[in-house]
Amino acid sequence: LVPLGEPAYRARQVYSWLYRRRARSLEAMSDLAKPLREALSARFALRWPEVAERAHSSDGTVKYLFRLDDGASIEAVFIPEDKRRTICLSTQAGCPLKCAFCLTGLGGYRRNLKTWEILGQVARVMDEVPPSPRGWNLVVMGMGEPLLNYEATVAGLRILMDPEGFGVAPKKLTLSTVGILPALEKLMTEPVRPNLAISLHASNEHLRARLMPIEAEYPLREVIAAARRYPIPRGGLVTYEYVLLRGVNDGPAQAQELVRLLRGSRCKVNLIPLNPAPEIPFEP
């Protein structure tokens, strides 16, 4: 805005229109002079991801398929609950990690999302859901590994958690990762951080290596050690996600192993039913 001859405070006005009020067009920014709106329109495009399809569930859940400018597709999910409304968002088109139980990984990887594509999923869903006293809960658990797209993801998180942006409280936002250790260490230095969820899915290194190739690079115990150090938001917990695979990781021995592995952690374990598909060689 300064190169356009505008005072710097105009940036706060534009920021508020983009992220707090979530304007759909530059023309809608009514407290900016018309010549400025025209100058901005000549330089910038303001658009949200295109909804290619909506899949509705009987419980009110809506899964969105978004089509991006280059033809890539991503998914986001709106989940209505009694006390909150949750949006699950993606950070990559596809996923390069190839976890054995995950259909996204089997489908291949296309690219990292840009910050606007991450935020656009949230804006689009919020725009379609009727107003409610229930607060918003965001989970970065959709397609992709967020910490492999660190810069764009964290730029989005800052805006989502900013009271002058989307205004989502840090304890209401959870980032899920397999444990990309250099990026996780970097996230710990952020002045404002989301809750942390670790994709664990196994109770020992051997089993995790069978299910998740990333184990060879970032071992289970090192990931848990980093999660123990993570400065969680006040009132939050580290979550360990564990998808139950019949006859593979769901026996009493694995349960006892998991207890020993996580003993002393301030955490919770989220047991997840497998969503089966013909391409996945496991059963719920």
**OP:** Please tell me if the side chains of T239 and C267 come closer than 4.5 Å, counting only heavy atoms from C-beta onward.
**Re:** no
**OP:** Could you tell me the separation between the CG atom of L32 and the CD atom of E38, rounded to the nearest 0.5 Å?
**Re:** 12.0 Å
Original post:
What distance separates T104 OG1 from I74 CD1, expressed to the nearest 0.5 Å?
Top reply: 11.5 Å
Original post:
Out of N275, V269, N270, which residue meets the side-chain contact (heavy atoms from CB on, under 4.5 Å) rule with I272?
Top reply: N270
**OP:** Please name the residue in the list L175, L181, V178, T153 that meets the side-chain contact (heavy atoms from CB on, under 4.5 Å) test with L147.
**Re:** L175
Original post:
Are R84 and E81 ion-paired here, with the side-chain N under 4.0 Å from a carboxylate O?
Top reply: yes
Original post:
Hey, any chance Y240 and V259 share a hydrophobic cluster, counting ILVMFWY side chains that come within less than 4.5 Å of each other, even indirectly?
Top reply: no
Original post:
F66 and E50: side chain to side chain contact (heavy atoms under 4.5 Å, CB included), yes or no, with the steps?
Top reply: CA-CA 5 Å; F66 292 109; E50 173 195 348; over 6 Å; no
Original post:
Rounded to the nearest 0.5 Å, how far does CD of E222 lie from CD of E215?
Top reply: 9.0 Å
Subject >> Test side chain to side chain contact (heavy atoms under 4.5 Å, CB included) applied to L106 and K98, step by step >> reply: CA-CA 6 Å; L106 294 175; K98 301 186 184 304; 6.0 Å; no
Original post:
CD1 of I118 to CG of L89: how many Å apart, nearest 0.5 Å?
Top reply: 7.5 Å
Original post:
Roughly how far apart are D250 CG and L271 CG, rounded to 0.5 Å?
Top reply: 10.0 Å
Original post:
Any side-chain heavy-atom pair from V192 and R158 closer than 4.5 angstrom?
Top reply: no
Subject >> Minimal non-hydrogen separation, S30 against W17, with atom names >> reply: N-CZ2, 3.4 Å
Original post:
With no hydrogens and no angle check, is any side-chain donor or acceptor of H56 less than 3.5 Å from a backbone partner on V62?
Top reply: no
Original post:
Would you say the side chain of T91 lies within less than 4.5 Å of the side chain of N112, judging by non-hydrogen atoms?
Top reply: no
Original post:
When you measure from the side chain of S90 to the backbone N and O of M143, does any donor-acceptor pair fall under 3.5 Å?
Top reply: yes
Subject >> Distance-only donor-acceptor check, side chains E257 and S203, under 3.5 Å >> reply: yes
**OP:** Kindly check if the number of other-residue, nucleotide or ligand heavy atoms within 6.0 Å of CZ (R21) is above 12?
**Re:** yes
**OP:** Would you check if L187 and Y230 make a side-chain contact, meaning some heavy-atom pair closer than 4.5 Å?
**Re:** yes
Original post:
Do L258 and V248 belong together in a cluster built from hydrophobic side chains that touch within less than 4.5 Å?
Top reply: yes
Subject >> Any side-chain heavy-atom pair of I87 and V139 under 4.5 Å >> reply: no
Original post:
Would K83 and R134 count as a side chain to side chain contact (heavy atoms under 4.5 Å, CB included) if you check the C-alpha gap in whole Å, the side-chain angles of each, and the deciding distance to 0.1 Å?
Top reply: CA-CA 6 Å; K83 296 183 179 179; R134 292 176 293 171; 5.7 Å; no
Subject >> Shortest non-hydrogen contact from A72 toward D70 >> reply: N-OD1, 3.1 Å
**OP:** Please answer whether the main-chain N or O of A123 pairs with a side-chain N or O of D127 as donor and acceptor at a distance below 3.5 Å.
**Re:** no
**OP:** Report whether L274 and L211 are members of the same hydrophobic cluster (ILVMFWY, side-chain heavy atoms less than 4.5 Å apart, transitive linking).
**Re:** yes
Original post:
If every non-hydrogen atom of R208 is compared with every non-hydrogen atom of L200, which pair is closest and at what distance?
Top reply: NE-O, 3.1 Å
**OP:** Return yes when atom CZ of R228 has more than 12 non-hydrogen atoms of other residues, nucleotides or ligands closer than 6.0 Å, and no otherwise.
**Re:** yes
**OP:** Check whether any side-chain N or O of S41 sits under 3.5 Å from a backbone N or O of R37 as a donor-acceptor pair, and report yes or no.
**Re:** yes
Subject >> Candidates V125, L160, T86 - the one meeting side-chain contact (heavy atoms from CB on, under 4.5 Å) with L138 >> reply: L160
Subject >> Whether R266 side chain and G236 backbone form a donor-acceptor pair below 3.5 Å >> reply: yes
Original post:
Do R111 and E117 meet the salt-bridge criterion of a basic N to acidic O distance under 4.0 Å?
Top reply: yes
Original post:
Under 3.5 Å, side chain of S57 to main-chain N/O of G60, donor-acceptor pair present?
Top reply: no
**OP:** State, with a plain yes or no, whether a side-chain heavy atom of N195 is found less than 4.5 Å away from one of L237.
**Re:** no
Subject >> Pair Y64, E128: side-chain N/O donor-acceptor within cut-off below 3.5 Å >> reply: yes
**OP:** Is it possible for you to say whether I159 and Y150 belong to one hydrophobic cluster, with membership spreading through side-chain heavy-atom contacts below 4.5 Å?
**Re:** yes
Original post:
Can we say R12 and E164 salt-bridge, meaning some charged N sits less than 4.0 Å from an Asp/Glu carboxylate O?
Top reply: no
Original post:
Between atom CE of M126 and atom CD of Q121, what is the distance when rounded to the nearest 0.5 Å?
Top reply: 12.0 Å
Subject >> Charged tip of R22 within 45° of F166 ring normal and under 6.0 Å >> reply: yes
Subject >> Y242 (side chain) donor-acceptor with N249 (main chain) under 3.5 angstrom >> reply: yes
Original post:
Would you say the side chain of I214 lies within less than 4.5 Å of the side chain of I180, judging by non-hydrogen atoms?
Top reply: yes
**OP:** With R47 as the cation and W116 as the aromatic partner, state whether NZ or CZ is under 6.0 Å from the six-membered ring centre and within 45° of the axis.
**Re:** yes
Subject >> Closest approach of R246 to P284 (non-hydrogen atoms, all atoms of both residues) >> reply: NE-O, 3.1 Å
Original post:
What is the minimum heavy-atom distance between T174 and A197, and which atoms define it?
Top reply: CG2-CB, 3.8 Å
Subject >> Least distance between heavy atoms, K63 atom then E75 atom >> reply: CD-OE1, 3.8 Å
**OP:** May I ask you to decide if E145's main-chain N or O and Q92's side chain share a donor-acceptor pair within less than 3.5 Å?
**Re:** yes
Original post:
Does L65 belong to the same Ile/Leu/Val/Met/Phe/Trp/Tyr cluster as V122, with side-chain heavy atoms less than 4.5 Å apart forming each link?
Top reply: no
Original post:
If you measure from the Lys or Arg side-chain nitrogens to the Asp or Glu carboxylate oxygens, is any gap between K114 and E151 under 4.0 Å?
Top reply: no
Original post:
Within a strict 4.5 Å, meaning less than it, do heavy atoms of the L18 and L119 side chains meet?
Top reply: no
**OP:** May I ask you to decide if L1's main-chain N or O and R10's side chain share a donor-acceptor pair within less than 3.5 Å?
**Re:** no
Original post:
Any sub-3.5 Å donor-acceptor pair from R67's side-chain atoms to P49's backbone N or O?
Top reply: no
